[in-house]
Structures are given as C-alpha cells and as structure tokens.
2 protein chains.
Amino acid sequence: MAGAKKSDSASQAPASDLEAYKVDQQIGFFLRQANQRHVAIFSALMGDRLTTTQWAALTKLREIQPTSQNQLGRDTAMDVATIKGVVDRLVARGYVATAPDPQDGRRLILSLTGEGEAAIARNIKTAIAVTDDTLSPLTSGERMMLIELLRKIC
Amino acid sequence: MAGAKKSDSASQAPASDLEAYKVDQQIGFFLRQANQRHVAIFSALMGDRLTTTQWAALTKLREIQPTSQNQLGRDTAMDVATIKGVVDRLVARGYVATAPDPQDGRRLILSLTGEGEAAIARNIKTAIAVTDDTLSPLTSGERMMLIELLRKIC
DNA sequence: TGATATTCATTCGTATACAAACGATATGCG
DNA sequence: CGCATATCGTTTGTATACGAATGAATATCA
C-alpha cells in the first residue's frame, strides 16, 4: 500500500516532480514563444498596421465571401466575441462591408470592399515573406515536418 | 525594364500569389491554433483558476526566487506590462510576496509565499498531464522532434 | 401548430500581449 | 563630481482571447 506510484490522487506531489518540472521545457511554453516570435515578425514586416488576426480574417473572407460573421470566425479559429472585434475594426477601416441577410434575420453578411481587396493585394507578398522569415531557421524538410506535427496537435 | 520579377516594389501582386495563398496553411495560423488548443487543455485540467502565464510565473519564480519583477518577465518571455499584471494577480491571491530591494531602489523583489508553494505542489501533476494531453496525438519520437523544431524558431 | 432547442450577434468581465511614454533610480565615464 | 545612459516599474491605449449571459431569429420535432 505504501509507496504507490500515485499518492492521494491530486492532493500532494512527490518532490521528484517538483524538481524535474521546468516550465520552459514544456510544449506550452514553446508554443507560446514561437507564436510570439511569429507575431513580432508579422508586425515588423506587414504594412497598414494590420495584425495577424485581421490579416487572417481578410484573406479568409476573400476565399469564402459572402459569409456570416460567426462563420468567418469559425474558419479563422476565432471566438464569436473575438471575431466581432476584429470585424468591427476592419469595417471601421473600410476593408469590410456588412449587410443584413434577407433570408436569415440573425445573420450579418460580410464581404470585402475594394479597399479590402487592395489591402490584400498590397500586402500579399509581405505575408509570404513573414511565413518565410518565421521558418528561416529550418530546412525545407524541417518546415514540412513542423507543419505536419502542428497539424496533428491542432 | 518591363516584366521585372517584382513589379512596382509593393504596390501590386500577381494573381498567382493571390490564388495560391491560404492563411490556414501558413505557419502562423498553425502556431496560433496549436497554442489555443494547449491553453484550452490547460484551462480544462488545471485547478485554482490558474492561467498558463500565471503558472509559468509561479513555477519559474520557484526556480529563481528571490528575483525582480522584470527579471521574472524576461525568464518567462513576458513584456514588462504583461508580467506586472500577472504578478499583481498572483499577489492579490497571496501566492507571491513583494518587497523593496535594499540594494536597488528601483527593484521589486518577488518571492513565493507558502500558499504559492502549496499551489504549485497541488497542481504539478496536472501540469504534467497538460503537457502529455497536448502531445497525445504524437509518438514519443514526434514529440521530441516537435520540441526541437519549435526551439529552433524561437 | 406549438413548445423546445439551436444559432446568431452582442455585451460584459477578466486576462494576456505589446508599444510608448513616464518618473525614479543606478551606473558609466570623463 | 556631474552628466549621459541605462534600467526598473508604472501607466495608458489598443488588440486579441474566451467564458458567460442575453435577446432575437430560426430550426426541429412531437
């Protein structure tokens, strides 16, 4: 009975765990830091004060427009509250237009404006450069491997 | 002069780029999503309403205490403004104690309280489980590979 | 049809995340 | 010593990020 592998479920922890655990070697720490570096590269290169999420919303909207706000959020992995803020700012800039859905009174139909299209065209090469810069420490094979591993844990 | 590889610097983009570019296949999108999933797993498993950054600050402080607020921020990859908010909330909970540095009037010395130590001990096993859950879709070899690739792009 | 459930968008509250500006304090060097 | 520089912590403003609650509109199904 004594010396079992797990003590009283989650009440106490053996000193070994305390000693061995290092936050900065956990996957979560690396994911957070890697994302931070990517966002920093994006901010440094991208023009028009566009953020990563704004860019994601813009380019995804280009693919699937016209669509509803929540649908755009789902396709860009954003919460309903988050996508609303992003869309609001894009609308305020004149990049996105909104209209009520005649078929569904709940929906808010989104579409790109000419300015929105132009903003994408103006920055598309930079966006590609951001991806390339972020992956620059890796070989071509490593890049594919990283993408594949990240895809698996998403 | 006409037909150069890059048109007027950053003004226009070829249609090929516009067609080929998919946000949800870029490294930034995967990093953001993978981090989101990790945070979701952390929130679901971890007790005491601890966030990922609060946990990082607590456990790192345990390693290097006593230390200054900005130093803790550097060691946990947090901005000075960010670490301040995190520390403030940990202090409000009684997990962290602050004291002025007798040697340096600018510094705020941080250390763990007994409650802070207890919170770590109480949740350390869960933290390990969070890492394991996040990496559960991967084999042991893939996990090491992912960590290594992320380390390279940090 | 009518009650129930679902979806959509909004709002509120909390928590990162970071740029920028600020005052206070230390440190460096001539 | 005195000044330029750097560091520390704080504050403000903007932008994600998400849980939770809400009201309006739609869908489902007994």
Side-chain angles (χ1 to χ4, degrees), chain A residues 28-29 31-44 46 48-58 66-93 96 98-110, chain B residues 28-29 31-44 46 48-58 66-93 96 98-110:
Chain A
F29 198 85
L31 287 174
R32 179 166 144 271
Q33 266 212 273
N35 191 49
Q36 278 180 357
R37 176 168 165 274
H38 171 262
V39 171
I41 292 173
F42 186 99
S43 303
M46 187 65 57
D48 297 336
R49 299 252 218 79
L50 284 167
T51 65
T52 57
T53 46
Q54 287 170 5
W55 177 255
L58 269 185
T67 190
S68 72
Q69 183 173 281
N70 278 11
Q71 185 59 48
L72 181 59
R74 267 179 242 116
D75 285 9
T76 52
M78 291 184 217
D79 193 64
V80 288
T82 302
I83 191 65
K84 175 179 173 33
V86 173
V87 166
D88 281 354
R89 286 180 281 274
L90 291 175
V91 168
R93 289 213 208 171
V96 169
T98 65
D101 186 336
Q103 267 73 47
D104 190 334
R106 300 167 301 179
R107 283 199 170 90
L108 189 66
I109 300 295
L110 307 182
Chain B
F29 198 86
L31 287 174
R32 180 167 143 271
Q33 266 212 274
N35 191 50
Q36 278 180 359
R37 176 168 165 274
H38 171 261
V39 171
I41 291 173
F42 186 99
S43 303
M46 187 65 57
D48 297 337
R49 298 252 219 81
L50 284 167
T51 65
T52 56
T53 46
Q54 287 169 5
W55 178 254
L58 269 185
T67 190
S68 72
Q69 183 174 281
N70 279 10
Q71 185 60 48
L72 182 59
R74 268 178 241 116
D75 285 9
T76 52
M78 290 183 217
D79 194 63
V80 287
T82 302
I83 191 65
K84 176 179 174 32
V86 173
V87 166
D88 281 354
R89 284 180 281 274
L90 290 175
V91 168
R93 289 213 208 172
V96 169
T98 65
D101 186 337
Q103 268 73 49
D104 190 334
R106 300 167 302 178
R107 282 199 170 89
L108 191 64
I109 302 293
L110 306 182

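What you see is a predicted model, and the numbers here were worked out from it, not measured in a lab. Order of the sequence lines sets the chain letters (A, B, ...), proteins ahead of strands, with each chain counted from 1.
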>> Near DNA chain D, counting only heavy atoms under 4.0 Å, which residues of residues 31-40 of chain B show up?
In response: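 Those residues are Arg32(B), Gln36(B).
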> Toward the 5' end of DNA chain D, which comes first, Arg49(A) or Pro102(A), by nearest nucleotide?
Replying inline: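 Its nearest nucleotide lies further toward 5', so the answer is Arg49(A).
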>> With nearest nucleotide decided by heavy atoms, which residue, Asp101(A) or Ile109(B), maps closer to the 5′ end of DNA chain D?
In response: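 On the 5' side of the pair lies Ile109(B).
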Would you mind reading off the distance between [X] atom [atom1] and [N] atom [atom2], rounded to a whole angstrom?
X         : N       : atom1 : atom2 : answer
Phe29(B)  : dT16(D) : CZ    : P     : 14 Å
Trp55(B)  : dT16(C) : CH2   : P     : 15 Å
Asp104(B) : dA26(C) : CG    : P     : 5 Å
Asp88(A)  : dA17(D) : CG    : P     : 15 Å
Leu108(A) : dT26(D) : CG    : C1'   : 16 Å
Ile83(B)  : dT7(D)  : CD1   : P     : 19 Å
Phe42(A)  : dA15(D) : CZ    : P     : 14 Å

Let's see if you can work this out: which of [options] has an atom nearest to the side-chain heavy atoms of [X]?
X         : options                   : value
Thr51(B)  : dT11(C), dC18(D), dT16(C) : dT16(C)
Gln54(B)  : dT10(C), dT16(C), dT16(D) : dT16(C)
Arg106(A) : dT10(C), dT16(D), dT7(C)  : dT7(C)
Val86(B)  : dT16(D), dT16(C), dT11(D) : dT16(C)
Arg89(B)  : dT16(C), dC18(D), dC8(C)  : dT16(C)
Lys84(A)  : dA17(C), dT11(C), dC18(D) : dT11(C)

>> Tell me the closest heavy-atom pair linking Ile83(B) and Ala57(B), and the distance in Å.
In response: CD1-CB, 4.4 Å
> Looking only at heavy atoms, what is the nearest atom pair of Leu50(A) and Trp55(A), with distance?
Replying inline: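 Heavy atoms of Leu50(A) and Trp55(A) come nearest at CD1-CE3, 4.0 Å.
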> So how far is it from Asp48(B) CG to Thr51(B) OG1, rounded to the nearest 0.5 Å?
Replying inline: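 Answer for the CG-OG1 pair, Asp48(B) versus Thr51(B), is 12.0 Å.
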> Contacts to DNA chain C from residues 70-79 of chain A, heavy-atom cutoff under 4.0 Å, which residues?
Replying inline: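 Those residues whose heavy atoms fall under 4.0 Å from DNA chain C, taken from residues 70-79 of chain A in numerical order, are Asn70(A), Arg74(A).
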> Would Thr52(A) and His38(A) count as a side-chain contact (heavy atoms from CB on, under 4.5 Å) if you check the C-alpha gap in whole Å, the side-chain angles of each, and the deciding distance to 0.1 Å?
Replying inline: CA-CA 9 Å; Thr52(A) 57; His38(A) 171 262; 4.2 Å; yes
> Relative to the 5' end of DNA chain C, which residue comes earlier, Thr82(B) or Ala81(A), by the nucleotide with the nearest heavy atom?
Replying inline: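 It is Ala81(A), whose closest nucleotide lies nearer the 5' terminus.
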> Base, sugar-phosphate, or nothing: which does Gly85(A) touch, judged by heavy atoms less than 4.0 Å apart?
Replying inline: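 The residue Gly85(A) makes no contact with any strand.
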Side-chain heavy-atom pair [X], [Y] within 4.5 angstrom cut-off:
X         : Y         : result
Arg93(A)  : Gln54(A)  : yes
Asn70(A)  : Leu108(A) : no
Ile109(A) : Thr67(A)  : no

> Please walk me through it: do Val91(B) and Thr98(B) pass side-chain contact (heavy atoms from CB on, under 4.5 Å)?
Replying inline: CA-CA 8 Å; Val91(B) 168; Thr98(B) 65; 3.7 Å; yes
>> Under the criterion side-chain contact (heavy atoms from CB on, under 4.5 Å), I'd like the reasoning laid out for Thr53(A) against Arg32(B): C-alpha separation, chi angles, the key distance, then a yes or no.
In response: CA-CA 10 Å; Thr53(A) 46; Arg32(B) 180 167 143 271; 3.7 Å; yes
